[in-house]
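Input: a single structure, listed below in structure tokens.
Heads up: numbering here begins at 1 and tracks the sequence. Predicted, not measured: the structure shown is a model, and the values here were computed from it.
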Amino acid sequence: AKRAPFVTGLEVALGIALLASVTISGHARTGRLTSLATTTDLVHMAAAAVWLGGLSVLVVMLCRRVRPRGSLEAVNHFSDIAPAAIVVIIISGIVQSLRQTDGLQSFVDTTYGRLLLAKIGLVIVILAAASASRAIVRGRIMPNLMPAGAGASRLNSDPEDTRDLRNAVVVEVVFAALVLIVTAALVNTEPARGAVADDARTDAAAEHDHGTVPPAGYDTLLRGNNLEFSVTVSPALSGTNELQIVTTTAAGDAFDPIDITATLEEVEQGVQPIDVVLEPIGPGTYAGNVQLFPGEWTLEIKALVSEIEQDVVTDTVPVG
């Protein structure tokens, strides 16, 4: 029976809602450009669902002793859809990879990067198998199924061609399953940018312990509605001081706001707010120098988290 358009539309809507729940709970909501990442991740999973779902149906049909009627035509139809889905998967995957990594070295130095390299290698194998199966369908099977002339009946496919197609599709499905396993590991691994930021903070702490950087006279953690700010003012003495701010999510992942500003003012002595020129020095890390004299300075930090959200935190910085 023909399916009602309403039923099909409802199924699509439920499928998108299910994918969106995974997107919202995953890495797409952390790190840089979260609005873009949420859309990209949803498109990435939707394209993967179309491709892997179609492959699963095809491998079941091709592995049956008696194939359902029209199965090869279904394979031919899928070969029209699959390339577009693969292109969408690759482009959206590249966007997500660039967002969660921090240069080529992070692919080697972090667990997330190494898993990502493994996933890329598996996808390359899948692309080779997909190319082979498409060549078999378009170059060997479908031409042989065309009627020989006017009024002629359709021909049967060559069993050897069908066997080769089945083997290529099975390879795609096996490696696709491996990709899903690696993807599950990626979802539960700290993104490369966050890992690099953690290493940088660890190195900075080690240098601090060895006295290679001046001690921070002011060191605290300020919490906003969306972000946490690790703030140091060093040495918090009269003269030139360095203000350093590290922005992270509540989960501890490094986060680069769209814009971040900091001001210091000394109200009791009538000093108007001084804008500190912040420069990015690492993932979610900003630093700038400012001239201070003894007093109780009010620090205000503003971070634009998204187009409509801004975190504002304040604290008092004592300078001796």
Side-chain angles (χ1 to χ4, degrees), residues 1-28 37-97 118-138 141-142 157 162-188:
K2 186 176 180 180
R3 296 169 60 84
F6 171 78
V7 174
T8 301
L10 180 61
E11 291 174 343
V12 171
L14 290 175
I16 293 175
L18 179 61
L19 294 176
S21 68
V22 177
T23 293
I24 293 172
S25 62
H27 287 321
T38 301
T39 302
T40 304
D41 191 68
L42 184 58
V43 170
H44 183 79
M45 290 196 297
V50 170
W51 181 38
L52 296 179
L55 277 180
S56 301
V57 173
L58 292 186
V59 77
V60 170
M61 289 195 304
L62 293 173
C63 289
R64 292 180 61 175
R65 184 180 298 276
V66 178
R67 291 190 306 275
R69 184 178 180 181
S71 58
L72 293 179
E73 287 79 1
V75 171
N76 184 51
H77 180 62
F78 180 72
S79 70
D80 291 331
I81 300 173
I86 292 173
V87 169
V88 172
I89 291 170
I90 292 174
I91 294 175
S92 56
I94 290 173
V95 172
Q96 294 292 65
S97 299
K119 182 177 179 179
I120 292 171
L122 292 170
V123 170
I124 290 174
V125 175
I126 292 174
L127 291 177
S131 178
S133 61
R134 180 177 171 83
I136 293 170
V137 171
R138 295 304 175 87
I141 292 180
M142 296 312 298
S157 62
T162 305
R163 183 176 64 251
D164 291 344
L165 174 61
R166 180 195 62 204
N167 293 340
V169 173
V170 168
V171 169
E172 284 189 72
V173 171
V174 170
F175 278 87
L178 294 175
V179 166
L180 292 178
I181 293 173
V182 174
T183 301
L186 278 170
V187 170
N188 291 283

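- Pairing each heavy atom of Ser133 with each of Ala168, the nearest pair is CB-CB, 3.8 Å.
- The two residues Ala130 and Ile86 make their nearest non-hydrogen contact at CB-CD1, 4.2 Å.
- The minimum heavy-atom distance linking Ala129 with Val171 is given by the pair CB-CG1, 3.8 Å.
- The NZ atom of Lys119 lies 8.5 Å from the CG atom of Leu180; values are rounded to the nearest 0.5 Å.
- With contacts defined as side-chain heavy-atom distances shorter than 4.5 Å, the pair Ile90/Leu127 qualifies.
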